[in-house]
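Lettering follows sequence order; numbering is per chain, from 1.
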Amino acid sequence: MAKIIVVTSGKGGVGKTTSTAAIGAGLAMRGKKTVIIDFDVGLRNLDMIMGCERRVVFDFINVIQGDAKLKQALIKDRRLDNLSILPTSQTRDKDALTRDGVEKVLKELRDEYDYIICDSPAGIERGAHMAMYFADEAVVVTNPEVSSVRDSDRVLGLLSSKSRRAEKGEEPVKPHLLLTRYDPARVAKGEMMKVEDILEILSIPLLGIVPESPAVLKASNLGTPVTLDANSNAGKAYVDAVSRLMGEQIEVRVLPPERRGLFQRLLGRPA
Amino acid sequence: MPFQIRGRSFTAVVLQMTGAADAEFYQTLDAKLSQAPHFFTNAPFVIDLDRAVGLNRSGDFTGLVRELRARKLSVIGVQNGTIEQNAGALTAGLITLQGGRDLPPDGAKARSGDESSGEEAEDRPRERPIDRNDRVAAATEAAEPAEIAAGGTVLITEPVRSGQRIFADRGDLVVVASVGSGAELVAHGNVHIYGSMRGRALAGVNGDTSARIFCQSLEAELIAIAGLYKTSDDIGPAAWKQRVQAFLDQDALCVEPLK
Ligand SMILES: Nc1ncnc2c1ncn2[C@@H]1O[C@H](COP(=O)(O)OP(=O)(O)OP(=O)(O)O)[C@@H](O)[C@H]1O
Ligand SMILES: [Mg+2]
């Protein structure tokens with residue numbers, strides 16, 4: 001029976017889709033049967049980051065509305081056997097995400113997979129609510145800045161009151177903090193918040209710290225999850241985060257951000 | 001679920017009757033109403049029967065309710081009646097209310113975000129507010145687990161997150177966790193926070209000027225007691241992140257370190 005994990009944040013553009021792809025790929029690399037689902041109806045970013053946008057025929061909304069079978073909409077990743085993507089629709093709106101429809105799809109996936117990762121849209125409206133509603137665990141993606149931390153706090157409140165687990169009075173959704181776009185130099189200058197301060201405010205366990213890294217943009221342009229770029233510090237950070245998500249105890253490393261050094265610039269090689 | 005059940009308290013206007021609903025009573029009432037014709041529109045009206053000895057039979061209540069409603073007074077219930085009076089009131093479609101606390105005569109003004117006294121009630125005479133006797137600690141996006149002790153104290157052991165609002169509508173509110181910025185604590189009594197306090201805390205919202213706020217680490221956006229408030233700018237750096245208590249001293253909201 002699959003674990004359902006929502007990747008959420010409240011604030012937009014903090015790295016949810018990047019993290020969904022990276023964690024999904026990381027779990028598949030560790031031999032876990034994983035499906036990643038795009039809940040950002042109307043934008044459809046996940047299939048682009050996964051490099052499968054040209055292979056989309058049917059989508060999540062088609063399945064919810066009974067226009068296609070789940071099997072027809074699922075796209076198998078070409079690099080990782082264990083990974084599938086359920087893309088969303090670019091033309092429908094969020095109202096197409098009904099609770100019953102989402103539940104039906106998740107139920108069908110639950111028996112087949114080990115992990116179901118839901119990429120939430122920004123905000124706290126319907127799409128975000130549907131993405132978190134059925135979750136067992138939540139990866140709360142946060143940037144080291146005040147507004148992002150506050151939105152994460154808001155989302156944690158919603159998880160503890162508006163999720164299925166909360167409504168049914170079951171064990172609460174298990175939250176994990178994933179700090180992304182972390183830049184120690186800017187933290188030292190006081191331009192960004194310190195890890196300790198963020199942890200103190202949110203008081204949830206830390207899943208990982210992903211440094212600011214050009215490898216992320218490069219990977220998304222190539223349509224590859226950054227976890228497959230084993231040389232990048234962002235990729236390494238996601239590998240670590242995946243191990244922790246699987247329950248392993250690993251020390252949290254603060255990897256330096258990658259910038260192009262003088263040598264590399266002279267040699268013209270990307271960092 | 002197609003609905004949600006919430007506890008919410010409102011301020012009501014209480015009419016203390018001192019005798020039967022006779023011609024003189026209606027005359028005086030009409031005179032009073034003519035001074036402020038729309039003053040009581042939409043205000044829940046409760047009749048206090050403590051001294052209304054002349055009012056007994058059910059016919060009395062049916063007639064009274066008809067007359068009051070004809071004057072656009074929305075009477076909803078009675079209190080402090082005898083068994084016969086309560087039975088009569090029931091026949092007239094009124095409920096029996098218990099408890100309630102009077103608002104101070106010149107009630108503190110401008111309490112922000114307080115549902116317990118609607119905007120409209122704010123400028124009405126604050127004679128005898130009533131407490132709904134079925135009230136519970138109500139929290140929007142409730143921070144679990146809220147426990148209500150016998151005295152009406154609400155205990156919160158989980159962090160109160162941005163956007164959450166906890167309301168202790170009978171007594172004190174005790175939070176043994178941190179309170180995020182954008183979260184709101186509201187209590188009729190005192191507010192205690194044993195964790196970082198970054199949100200808003202409103203104590204004594206029904207006008208209890210003796211209510212206090214106790215904080216382990218004060219980083220609040222706003223604190224208020226009985227409607228008098230200070231924002232983080234007003235609180236000043238001396239008390240910032242300190243263990244403090246806030247209380248009213250002659251209409252001034254004081255913030256002092258806890259020794
Ligand atoms: N660690 C990182 N280093 C550098 N850039 C990053 C990092 N993580 C994400 N980004 C960049 O930030 C931008 C937003 O990322 P992403 O689309 O994953 O965010 P999102 O939270 O899904 O956004 P939305 O709220 O719009 O869905 C992208 O351009 C991405 O390349
Ligand atoms: Mg996204």
Side-chain angles (χ1 to χ4, degrees), chain A residues 6 8-11 14 98-100 103 122-125 128-129 132-134 138 140 142-177 193-194 196-206, chain B residues 1-7 113 136-147 154-167 173 175-186 193-201 215-222 232-233 240-243:
Chain A
V6 60
T8 183
S9 70
K11 191 170 162 64
V14 295
T98 61
R99 186 180 292 184
D100 290 348
E103 183 169 26
I124 51 172
E125 304 303 322
H129 186 215
M132 73 167 62
Y133 187 75
F134 296 100
V140 180
T142 307
N143 290 165
E145 46 155 310
V146 177
S147 62
S148 176
V149 172
R150 181 166 163 160
D151 285 0
S152 295
D153 195 51
R154 181 92 171 86
V155 160
L156 286 164
L158 294 175
L159 284 165
S160 67
S161 61
K162 295 275 158 82
S163 59
R164 191 194 60 85
R165 284 177 170 270
E167 284 178 6
K168 292 254 161 13
E170 292 172 17
E171 201 177 309
V173 179
K174 188 171 161 197
H176 305 273
L177 176 64
M193 290 176 76
K194 283 194 238 134
E196 308 87 77
D197 292 348
I198 300 168
L199 282 171
E200 211 260 311
I201 290 176
L202 296 177
S203 44
I204 56 170
L206 183 61
Chain B
M1 271 228 303
F3 57 81
Q4 287 179 315
I5 293 177
R6 293 263 154 82
V136 291
T140 39
E141 291 163 22
E144 295 281 306
E147 287 162 29
V154 174
L155 175 66
I156 304 288
T157 54
E158 293 284 304
V160 186
R161 306 286 183 183
S162 175
Q164 291 182 322
R165 186 173 188 270
I166 312 288
F167 185 22
L173 175 52
V175 181
V176 204
S178 62
V179 178
S181 98
E184 189 169 75
L185 308 177
V186 183
I193 307 109
Y194 302 98
S196 300
M197 172 56 201
R198 301 191 180 86
R200 302 153 64 93
C215 288
Q216 182 94 325
S217 174
L218 178 73
E219 302 162 51
E221 293 165 331
L222 177 136
S232 55
D233 283 350
W240 203 247
K241 294 199 177 182
Q242 300 302 307
R243 293 177 61 224

Problem set entry | Distance (rounded to the nearest 0.5 Å) between A:I201 CD1 and B:S181 OG | 7.5 Å
Exercise. Between A:D153 (side chain) and B:R161 (backbone), is there a donor-acceptor pair under 3.5 Å?
Worked result: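 Judged by distance alone, no pair lies under 3.5 Å.
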Exercise. What are the two closest heavy atoms between B:G182 and A:R150, and how far apart are they?
Worked result: CA-NH2, 3.5 Å
Exercise. Just checking, any donor-acceptor pair under 3.5 angstrom between side chains of B:S196 and A:E200?
Worked result: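 The criterion, which ignores hydrogens and geometry beyond distance, is satisfied for A:E200 and B:S196.
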Exercise. Heavy-atom count around A:E125 CD within 6.0 Å, excluding the residue itself: above 12?
Worked result: no
Problem set entry | Partners meeting ring pair (Phe, Tyr, Trp, His ring centres under 6.0 Å) with A:H129 (sequence neighbours left out) |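 Ring pair (Phe, Tyr, Trp, His ring centres under 6.0 Å) check on A:H129 returns A:Y133.
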For this session: Go through the atoms of A:I204 and report whether side chain, backbone, both or neither lie under 4.5 Å from a heavy atom of chain B.
Result: side chain
Exercise. What part of B:S178 is in contact with chain A, defined as an atom under 4.5 angstrom from a non-hydrogen atom: side chain, backbone, both or neither?
Worked result: side chain
